[in-house]
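Basis for what follows: all heavy atoms, side chains included, without hydrogens, waters or symmetry-related copies. Here is the naming used below: chain letters follow the sequence lines, and residue numbers restart at 1 for every chain.
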Protein chains: 2
Amino acid sequence: MPLLKTSKEEILDMALSVFRKNGYHHTSMSMLAKSCGLQKGSFYHYFSSKEEIMVAVLKNVHDFLKTNVFSIANESNLEPRERLEKMLLKLGTALLSHEGGCIVGNTTLEVAGQNVVFKGILKDIFEDWRLAMKSILKEEFSEGTAGRMAEQSVMEFEGAVMLGQIYETDQYIKDVFVRTLTKMR
Amino acid sequence: MPLLKTSKEEILDMALSVFRKNGYHHTSMSMLAKSCGLQKGSFYHYFSSKEEIMVAVLKNVHDFLKTNVFSIANESNLEPRERLEKMLLKLGTALLSHEGGCIVGNTTLEVAGQNVVFKGILKDIFEDWRLAMKSILKEEFSEGTAGRMAEQSVMEFEGAVMLGQIYETDQYIKDVFVRTLTKMR
DNA sequence: GTCTATATCAAGATAGAC
DNA sequence: GTCTATCTTGATATAGAC
């Protein structure tokens with residue numbers, strides 16, 4: 001039984017925190033290594049470049065959201081409004097109460113214009129987010145209206161995370177949830 | 001008469017482009033120098049650090065917005081709705097059709113959590129933006145409603161810039177303008 | 001005011017011992 | 001799997017000639 005100081009899963013969890021707080025370019029390999037108790041050199045045993053680990057982090061986030069958040073749109077045992085509420089709540093707890101805001105939004109504005117691989121994953125995340133919202137809203141609104149409302153909710157959410165960073169409050173995000181939910185009934 | 005290759009004003013203009021496209025940490029002093037035809041060493045004649053020039057760029061943006069955009073809120077010769085339309089239009093042309101989106105939003109998400117000076121200027125910009133919007137909307141809506149609508153417009157706008165980056169379209173921003181304007185009449 | 005040259009440092013990444 | 005040592009590069013910043 002070998003002595004493991006960490007694992008690929010733990011690294012991805014810690015790396016998410018470090019990237020979210022410091023951004024991509026301002027995060028160094030030694031910061032990532034230190035965050036899970038490794039020396040810089042040891043870190044390369046798990047990931048062979050900074051780009052590689054960022055890709056893994058973003059894919060991990062996407063998987064988490066698909067499995068635990070966006071999937072709520074398909075829970076047919078719940079009423080549409082209950083699904084919407086549950087999904088927004090999950091989205092909130094998944095992205096709130098973390099230092100550094102939202103890794104998806106942060107990475108989009110910092111590096112999506114520089115790296116097509118990052119951009120592709122981020123686009124997939126936004127697309128799934130939009131579609132999950134739309135699929136719920138479609139049960140109460142027309143196709144077009146539901147689509148526009150879904151987009152608007154995503155936009156407002158990311159805008160709220162941004163203002164929340166500046167004014168150091170979660171109130172904007174909570175307000176977006178309430179506003180989105182209110183439109184449903 | 002000395003031979004000047006550039007000026008502080010030109011540097012600020014070019015630096016804005018470079019920072020907006022590449023972000024703060026991914027922009028190097030030699031990139032900034034090159035953008036206005038200088039050697040890296042010569043650049044330090046004008047600005048003695050990267051932080052200093054970023055501060056100057058952000059203050060420049062703030063001044064521009066105050067003078068040319070937010071001031072429209074006080075043009076008492078125009079009807080409220082005309083002022084709103086004019087301001088949104090100016091905001092659009094000021095921030096659209098540039099590669100890299102919005103320097104305010106980009107810088108907020110990339111470095112506001114790391115640098116209190118940047119964060120202070122960005123906060124002032126958002127505050128003036130919010131107040132300008134609110135001051136117009138207050139003429140048609142209650143204090144509280146106008147405040148909330150103003151915040152929502154700012155959030156949606158920044159969210160639209162983000163989605164616009166991903167999907168490579170200006171349509172989201174245009175939609176936000178229309179949506180904000182529609183509420184006014 | 002602009003240039004070249006250079007000092008200094010930190011980052012990404014690799015090599016090889018244990 | 002983890003470590004230390006090291007290579008290489010590119011960054012910020014300075015010095016001094018023109």
Side-chain angles (χ1 to χ4, degrees), chain A residues 1-59 100 103 106-107 110-111 113-118, chain B residues 1-58 100 106-107 110-111 113-118:
Chain A
M1 192 80 137
L3 256 159
L4 297 191
K5 292 188 79 169
T6 187
S7 66
K8 214 152 176 166
E9 289 71 35
E10 194 202 359
I11 288 178
L12 288 176
D13 278 351
M14 302 306 294
L16 169 59
S17 285
V18 178
F19 277 130
R20 183 172 43 214
K21 182 165 177 238
N22 302 101
Y24 180 70
H25 291 295
H26 196 54
T27 293
S28 68
M29 292 301 265
S30 61
M31 284 164 74
L32 293 169
K34 199 176 178 182
S35 75
C36 48
L38 288 179
Q39 290 295 3
K40 184 170 57 160
S42 314
F43 195 80
Y44 284 85
H45 174 73
Y46 295 94
F47 293 96
S48 57
S49 78
K50 197 164 92 168
E51 182 176 358
E52 189 181 302
I53 184 169
M54 184 51 133
V55 166
V57 165
L58 292 177
K59 282 184 177 169
I103 187 78
N106 295 354
T107 311
E110 189 192 350
V111 281
Q114 299 156 26
N115 185 304
V116 291
V117 182
F118 296 169
Chain B
M1 192 81 134
L3 255 159
L4 298 188
K5 293 190 77 168
T6 188
S7 66
K8 215 152 175 164
E9 290 70 37
E10 195 203 356
I11 288 177
L12 288 177
D13 278 351
M14 301 307 292
L16 169 60
S17 286
V18 179
F19 277 130
R20 183 174 41 216
K21 183 165 178 240
N22 302 102
Y24 180 70
H25 291 295
H26 196 55
T27 293
S28 68
M29 291 302 264
S30 63
M31 284 164 74
L32 292 169
K34 199 175 178 184
S35 75
C36 46
L38 289 177
Q39 290 296 339
K40 185 170 54 163
S42 314
F43 194 80
Y44 284 86
H45 175 72
Y46 295 95
F47 294 96
S48 57
S49 77
K50 197 165 91 168
E51 182 175 358
E52 188 182 303
I53 185 170
M54 184 51 134
V55 166
V57 165
L58 292 177
N106 294 355
T107 311
E110 188 191 350
V111 281
Q114 298 156 27
N115 186 303
V116 290
V117 182
F118 295 169

Quiz item: In whole angstrom, what separates A/Lys34's NZ from D/dC3's P?
Solution: 13 Å
Quiz item: Whole Å only: how far is the CG atom of B/Leu4 from the P atom of C/dG1?
Solution: 6 Å
Practice problem: Hey, could you give me each pair passing ring-ring contact (aromatic ring centres under 6.0 Å, His included) that has a residue in residues 32-56 of chain B? Not counting sequence neighbours. | Solution: none
Quiz item: Separation of A/Glu52 atom CD from C/dG12 atom P, in whole Å?
Solution: 14 Å
Exercise. Under the side-chain contact (heavy atoms from CB on, under 4.5 Å) rule, collect the residues that match up with A/Lys59, sequence neighbours excluded.
Key: A/Val55, A/Ile121
Self-check item: A/Ile53 CD1 to C/dA13 C1', straight-line distance once rounded to whole Å
Solution: 14 Å
Exercise. Ignoring hydrogens and angles, tell me if any N or O in the side chain of A/Lys5 forms a donor-acceptor pair with the backbone of A/Leu38 under 3.5 Å.
Key: no
Self-check item: Nearest to side-chain heavy atoms of A/Ser28, which nucleotide of C/dA11, D/dT2, D/dA11
Solution: C/dA11
Self-check item: Qualifying residues under ring-ring contact (aromatic ring centres under 6.0 Å, His included), relative to A/Phe118, sequence neighbours excluded
Solution: A/Tyr24
Report, one pair per line, the protein and nucleotides 13-18 of chain D atoms (nitrogen or oxygen only) whose separation is under 3.5 Å.
from, atom 1, to, atom 2, distance (Å)
D/dA13, OP2, B/Lys50, N, 3.3

Quiz item: So do B/Glu110 and B/His26 actually touch side chain to side chain, heavy atoms under 4.5 Å?
Solution: no
Quiz item: Is any side-chain heavy atom of A/Thr27 closer than 4.5 Å to a side-chain heavy atom of A/Met54?
Solution: no
Exercise. Give the rounded distance in Å between these two atoms: CE of B/Met31 and P of D/dG10.
Key: 13 Å
Quiz item: Which listed nucleotide (D/dT4, C/dT4, D/dA11) is nearest to the side chain of B/Gln39?
Solution: C/dT4
Quiz item: Can you find a side chain N or O atom of B/His45 that sits less than 4.0 Å from OP1 or OP2 on C/dG1?
Solution: yes
Exercise. Would you name the heavy atoms of B/Gln114 and A/Asn22 that are closest together and state the gap between them?
Key: NE2-O, 2.9 Å
Quiz item: How many Å lie between OH on A/Tyr46 and C1' on D/dC3, as a whole number?
Solution: 13 Å
Exercise. Just report the end-to-end axis angle for the helix from C/dG1-D/dC18 to C/dC18-D/dG1, five pairs per end, to 10 degrees.
Key: 0°
Practice problem: For A/Phe43 and D/dA5, give me the distance from atom CZ to atom P, rounded to whole Å. | Solution: 21 Å
Could you pull out every donor-acceptor pair under 3.5 Å between side chains of residues 29-36 of chain A and any protein atom, sequence neighbours left out?
from, atom 1, to, atom 2, distance (Å)
A/Ser30, OG, A/Ser28, OG, 3.1
A/Ser35, OG, A/Leu32, O, 2.7

Practice problem: Give B/Thr27 one of three labels, base, sugar-phosphate or nothing, depending on what nucleic acid heavy atoms sit under 4.0 Å from its own. | Solution: sugar-phosphate
Quiz item: Does any non-hydrogen side-chain atom of A/Phe19 lie less than 4.5 Å from one of A/Ile53?
Solution: yes
Exercise. Give the rounded distance in Å between these two atoms: CG of A/Leu32 and P of C/dA13.
Key: 11 Å
